Amino acid sequence: FASDVEGVFSGYAATFNTSDAVNDTMLPGVFKESLESGRRIKMFFNHNHKDIPIGDWVTLAEDNVGLFVEGKIDLNHIMGPTLYSAMKRNAVDGLSQGFTTKDGDYEKKAGGGRAFKNLNLIEISPVNFPCETQARISDVKSDVPGLESLSDFEHYLRDAGGFSKSEATYFVSQFV
């Protein structure tokens with residue numbers, strides 16, 4: 001049976017009140033206007049704006065930690081399966097935002113850098129090297145390979161789950 005989780009991942013695209021590699025800081029509420037605007041935030045790989053977006057953002061929400069995101073890689077995109085495989089191996093584990101600002105959206109910090117209180121979020125990219133070290137992919141969902149039918153699932157429950165034949169058959173019958 002087809003899975004809705006294949007290609008799905010989540011993490012934090014930004015954390016609040018931390019300094020990134022260039023001493024910039026995102027303050028709570030910085031993404032509020034962008035999230036409430038109804039605009040679609042794009043997903044690229046490594047901020048490659050010249051390419052077709054590599055997936056879609058399913059969830060974008062500020063919480064007490066930062067900007068939590070859940071996305072789904074388009075596995076029909078030429079780079080989709082490769083990126084998804086790299087995420088599952090933790091070879092690609094960073095996130096980064098692309099945005100613009102206008103006057104009054106930030107304050108300059110003593111010693112360099114900026115404290116952002118508002119911005120115009122354009123895109124969020126899975127990246128190899130995030131500027132903010134805490135902006136990371138934390139979970140990559142994965143299908144159990146080879147489960148394409150209810151019968152396959154029944155066998156999996158017996159082999160890997162320790163279910164008896166009757167238990168596995170009963171459990172799978174609840175989905176029919």
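Computed from a predicted structure; not experimentally measured.
A search for salt bridge (Lys or Arg N to Asp or Glu O under 4.0 Å) contacts involving Asp51 returns nothing, not counting sequence neighbours. Residues passing the side-chain hydrogen bond (donor to acceptor under 3.5 Å, both in side chains) test with Asp93, sequence neighbours excluded: Arg136. Asp24 is linked by a side-chain hydrogen bond (donor to acceptor under 3.5 Å, both in side chains) to Arg114, counting only residues two or more places apart in sequence or in another chain. In terms of the side-chain hydrogen bond (donor to acceptor under 3.5 Å, both in side chains) criterion, Arg89 has no residue partners (sequence neighbours excluded). Ser85 is linked by a side-chain hydrogen bond (donor to acceptor under 3.5 Å, both in side chains) to nothing, counting only residues two or more places apart in sequence or in another chain.
At a threshold of 4.5 Å between side-chain heavy atoms, the hydrophobic network of Ile, Leu, Val, Met, Phe, Trp and Tyr places Val58 and Leu95 in two separate groups. Residues Leu27 and Leu67 fall into different hydrophobic clusters, defined by Ile, Leu, Val, Met, Phe, Trp and Tyr side chains chained together at heavy-atom separations under 4.5 Å.
The pair Asp74-Lys72 fails the salt-bridge criterion, with no side-chain N (NZ, NE, NH1 or NH2) lying under 4.0 Å from an Asp/Glu carboxylate O.
Of all non-hydrogen atoms in Thr25 and Lys109, the two that sit nearest each other are OG1-NZ, 2.6 Å. Closest approach of Ala14 to Ala135, counting heavy atoms only: N-CB, 4.3 Å. Contact between Val8 and Tyr84 at its shortest, heavy atoms only, is N-CE1, 4.2 Å. Scanning both residues, Gly11 and Ser138, for their nearest heavy atoms gives CA-OG, 3.5 Å.
Judged by distance alone, with hydrogens and angles left aside, the side-chain atoms of Asn48 form a donor-acceptor pair with the main-chain N or O of Lys50 at under 3.5 Å. Lys117 places no side-chain N or O within 3.5 Å of a backbone atom of Gly29 that could act as its donor or acceptor partner.
The only member of Lys88, Glu6, Glu70 that meets side-chain contact (heavy atoms from CB on, under 4.5 Å) when paired with Lys141 is Glu70.
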Legend entry - Full working for side-chain contact (heavy atoms from CB on, under 4.5 Å) between Gln97 and Ile41: CA-CA 10 Å; Gln97 332 93 43; Ile41 307 301; over 6 Å; no
Inset, instruction - Check the pair Phe99, Phe31 against side-chain contact (heavy atoms from CB on, under 4.5 Å), reporting the backbone distance first and the verdict last. - result: CA-CA 10 Å; Phe99 57 88; Phe31 301 103; 6.0 Å; no
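A distance of 11.0 Å separates CG of Asn64 from CG of Asn17, quoted to the nearest 0.5 Å. Atom CG of Asp20 is separated from atom CE of Met26 by 7.0 Å, given to the nearest 0.5 angstrom. To the nearest 0.5 Å, atom NZ of residue Lys42 and atom CD1 of residue Ile54 are 14.0 Å apart.
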Sequence neighbours excluded and cut-off under 3.5 Å, please list the side-chain donor-acceptor pairs for residues 100-108, or say none.
residue: Thr100; atom: OG1; partner: Asn120; partner atom: ND2; Å: 3.1
residue: Asp105; atom: OD1; partner: Asn118; partner atom: ND2; Å: 3.3
residue: Asp105; atom: OD2; partner: Lys102; partner atom: N; Å: 2.8

Would you be so kind as to tabulate the donor-acceptor pairs closer than 3.5 Å made by side chains of residues 75-83, with sequence neighbours excluded?
residue: His77; atom: ND1; partner: Met79; partner atom: N; Å: 3.0
residue: His77; atom: NE2; partner: Ile52; partner atom: O; Å: 3.0

Quick one: side chains of residues 121-132, donor-acceptor pairs under 3.5 Å with protein atoms, not counting sequence neighbours, listed by atom name and distance.
residue: Glu123; atom: OE1; partner: Ser125; partner atom: N; Å: 3.4
residue: Glu123; atom: OE1; partner: Ser125; partner atom: OG; Å: 2.6
residue: Glu123; atom: OE2; partner: His47; partner atom: ND1; Å: 2.4
residue: Glu123; atom: OE2; partner: His49; partner atom: NE2; Å: 3.0
residue: Ser125; atom: OG; partner: Phe44; partner atom: O; Å: 3.1
residue: Ser125; atom: OG; partner: His47; partner atom: N; Å: 3.0
residue: Ser125; atom: OG; partner: His47; partner atom: ND1; Å: 3.4
residue: Glu132; atom: OE1; partner: Thr15; partner atom: N; Å: 3.4
residue: Glu132; atom: OE2; partner: Thr15; partner atom: N; Å: 2.8
residue: Glu132; atom: OE2; partner: Thr15; partner atom: OG1; Å: 2.2
residue: Glu132; atom: OE2; partner: Thr18; partner atom: OG1; Å: 3.3

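Pairs passing the ring pair (Phe, Tyr, Trp, His ring centres under 6.0 Å) check and including a residue from residues 51-74, sequence neighbours excluded, read Phe9-Trp57, Tyr12-Phe68. Pairs engaging residues 25-39 under the salt bridge (charged side-chain N to carboxylate O under 4.0 Å, His left out) rule: Lys32-Glu36 [sequence neighbours left out].
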